[in-house]
Engineer: 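Dumping the structure here so I can ask a few things about it.
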Number of protein chains: 2
Amino acid sequence: MIAPQKKASAKPRARATTKPKKAAPQASKAYHHGDLRRAIIDATKAIAEESGAEAFTLREAARRAGVNHRAAYRHFQDKSDVLAAVAEEGFTVLLARIVSTLEGVPASDPEARLLAIARSYVEFASENRGAYRVMSGPRLNVEANYPTLEEAITNCLVLVRREIEAGIQRDKLRNVNAFDATLALWAAVHGLATLVITRRVQVRPALVGSLTERLLGDLLSGYAKKK
Amino acid sequence: MIAPQKKASAKPRARATTKPKKAAPQASKAYHHGDLRRAIIDATKAIAEESGAEAFTLREAARRAGVNHRAAYRHFQDKSDVLAAVAEEGFTVLLARIVSTLEGVPASDPEARLLAIARSYVEFASENRGAYRVMSGPRLNVEANYPTLEEAITNCLVLVRREIEAGIQRDKLRNVNAFDATLALWAAVHGLATLVITRRVQVRPALVGSLTERLLGDLLSGYAKKK
DNA sequence: ACCTGAACACCGTTCAAGT
DNA sequence: ACCTGAACACCGTTCAAGT
């Protein structure tokens with residue numbers, strides 16, 4: 001059995017030839033790179049998608065961005081700081097996606113709104129595996145570092161909680177404890193996303209959303225037989 | 001349900017016969033380690049509990065076991081193999097715990113049995129944080145390595161599925177798709193355990209079980225208001 | 001202001017012994 | 001049979017420049 005073959009010594013330096021798109025963000029700033037912070041973040045997501053978040057190294061990310069590994073320190077404090085930046089951006093994008101999806105679901109149907117949230121969450125994870133692996137990786141902020149990351153996560157949880165409370169108020173959801181219900185829902189989508197990402201449950205990308213609605217729909221209805 | 005089976009793969013021999021608690025590591029001079037495999041596994045769990053699974057290094061584990069880092073290679077193929085061994089043992093112990101707990105819950109109450117499984121799972125995670133961090137870490141067997149680990153996980157899932165099927169047959173659970181329901185339940189307990197382990201939800205260890213029953217109990221009953 | 005280079009202590013893994 | 005030692009390529013991080 002062959003070990004995970006290391007990159008044989010000095011890679012030919014993949015000189016990323018600058019990121020495509022983006023017209024010219026370097027107006028007066030005469031960067032050497034253009035936007036190294038962006039490039040490092042993108043490289044990190046790519047590495048995480050290819051080989052898992054634990055395979056990420058500062059040096060490899062810098063290599064992909066075409067710079068010396070020390071250059072990253074100009075934009076990030078250390079290795080964890082890069083992961084925190086990726087995670088924070090991920091939660092921010094996820095929240096935006098959820099909010100956008102909810103615009104299409106009537107407030108009169110709280111159950112459908114919760115399902116839409118679940119669907120958005122798991123689809124996001126499935127479509128952004130690199131970012132999600134970082135987001136769901138070892139907690140970066142136990143020591144109360146990364147307050148903006150913590151805030152991005154809290155924003156998501158608050159949104160879910162409000163939806164549950166709104167549903168209860170409209171008398172469309174049972175009068176459960178909203179905090180508990182938020183945790184339970186979040187746990188369920190997190191767990192499901194993990195199963196999908198790790199391919200413990202195999203599902204074609206296009207079907208991730210419907211799988212989520214099916215599984216979570218049953219959960220929201222409950223398994224216990226009505227008396 | 002399949003028996004734990006012998007540890008396949010390249011490990012030459014299990015030495016599992018020297019299981020008894022070594023009262024004192026006294027004895028010989030040249031002193032081959034009593035059970036280095038055991039010591040490495042325990043050290044790995046300790047490291048994972050203290051600093052997270054990603055902080056585990058072969059060299060540190062060997063250091064704690066009091067041997068040269070090369071000695072570990074006599075018992076494990078490589079770094080991943082150590083993590084796989086820890087994970088496999090964890091799932092085996094978890095299964096035993098669940099089975100033991102279920103003995104005290106009547107077959108006539110499937111919902112209580114599912115809650116007991118959930119409770120066992122999250123309590124195990126809470127009480128064995130090191131092992132659980134490894135078990136829930138990056139998937140080790142994507143390349144179809146570690147078949148015995150895969151089997152240990154499957155054994156757990158099969159047990160859950162059978163409980164659900166039994167509940168449906170007794171007409172105590174709604175006639176949901178058993179496979180889907182298994183995934184949903186597993187996802188929920190995995191997600192909840194992750195929230196507890198990472199302290200995103202803060203709860204005293206003694207209350208983990210009741211928190212789990214409360215949250216999952218609501219889920220099993222469903223959030224949707226009965227019409 | 002932004003990036004590079006050398007240095008240090010650490011890792012996983014291999015080859016080659018030591019007992 | 002079980003363990004140690006030296007070596008190699010890699011990593012994160014620091015100090016100190018180069019442009």
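The chains referred to below are lettered A, B, ... by the order of the sequence lines, with proteins before strands, and numbering in each begins at 1.
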Engineer: Does a side-chain N-to-carboxylate-O contact under 4.0 Å join B/R97 and B/E123?
Structural biologist: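 A salt bridge is present here (some side-chain N lies under 4.0 Å from a carboxylate O).
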Engineer: Determine the interplanar angle of the A/Y132 and A/Y121 rings, folded into 0 to 90°, and report it as parallel if under 30°, tilted if 30 to 60°, perpendicular if over 60°.
Structural biologist: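 Taking A/Y121 first and then A/Y132, their aromatic rings stand perpendicular (interplane angle over 60°).
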Engineer: One thing to verify: whether B/E163 and B/R113 come together as a salt bridge, which I'm taking to mean a side-chain N less than 4.0 angstrom from a carboxylate O.
Structural biologist: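 Yes, B/R113 and B/E163 are salt-bridged.
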Engineer: Please list, for nucleotides 12-15 of chain D, all pairs of protein and nucleotide N/O atoms separated by less than 3.5 Å.
Structural biologist:
unit_1, atom_1, unit_2, atom_2, d
D/dG12, OP1, A/L58, N, 2.9
D/dG12, OP2, A/L58, N, 3.2
D/dG12, OP2, A/R59, N, 3.1
D/dG12, N7, A/R59, NH1, 2.4
D/dG12, O6, A/R59, NH1, 3.0
D/dT13, OP2, A/Y73, OH, 3.0
D/dT13, OP2, A/K79, N, 3.1
D/dT13, O5', A/Y73, OH, 3.4
D/dT13, O4, A/R59, NH1, 3.4
D/dT13, O4, A/H69, NE2, 3.0
D/dC15, N4, A/R70, NE, 3.1

Engineer: I'd like to know if A/E54 and A/K79 make a salt bridge, using a cut-off of under 4.0 Å between side-chain N and carboxylate O.
Structural biologist: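 Between A/K79 and A/E54 there is no salt bridge, as every charged N stays at least 4.0 Å from the carboxylate O atoms.
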Engineer: Is A/R70 positioned over the aromatic face of A/Y73, cation under 6.0 angstrom from the ring centre and no more than 45 degrees off axis?
Structural biologist: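 Satisfied, under 6.0 Å and within 45°.
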Engineer: Would you mind reading off the distance between B/N68 atom CG and C/dC11 atom P, rounded to a whole angstrom?
Structural biologist: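 From B/N68 CG to C/dC11 P: 13 Å.
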Engineer: Between B/R63 and B/E60, does any NZ, NE, NH1 or NH2 come within less than 4.0 Å of an OD or OE carboxylate oxygen?
Structural biologist: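 Yes, this pair counts.
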Engineer: Can we say A/R129 and A/E49 salt-bridge, meaning some charged N sits less than 4.0 Å from an Asp/Glu carboxylate O?
Structural biologist: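 The answer is no: the pair does not qualify as a salt bridge.
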Engineer: How does DNA chain C look in dot-bracket notation if pairs are Watson-Crick or G-U with both distances under 3.5 Å, crossing ones as [ ], other-strand ones as |?
Structural biologist: ||.|||||...|||||.||
Engineer: If you measure from OG1 on B/T148 to CD on B/E89, what distance do you get to the nearest 0.5 Å?
Structural biologist: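 If we round to the nearest 0.5 Å, B/T148:OG1 and B/E89:CD are 11.5 Å apart.
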Engineer: Measure the distance from CZ on B/F76 to P on D/dC2 and round it to the nearest whole Å.
Structural biologist: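 Checked: the CZ to P distance equals 13 Å.
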Engineer: Write down the distance between CZ (A/R74) and C1' (D/dA16), rounded to a whole number of angstrom.
Structural biologist: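 Roughly 13 Å, once rounded to whole Å.
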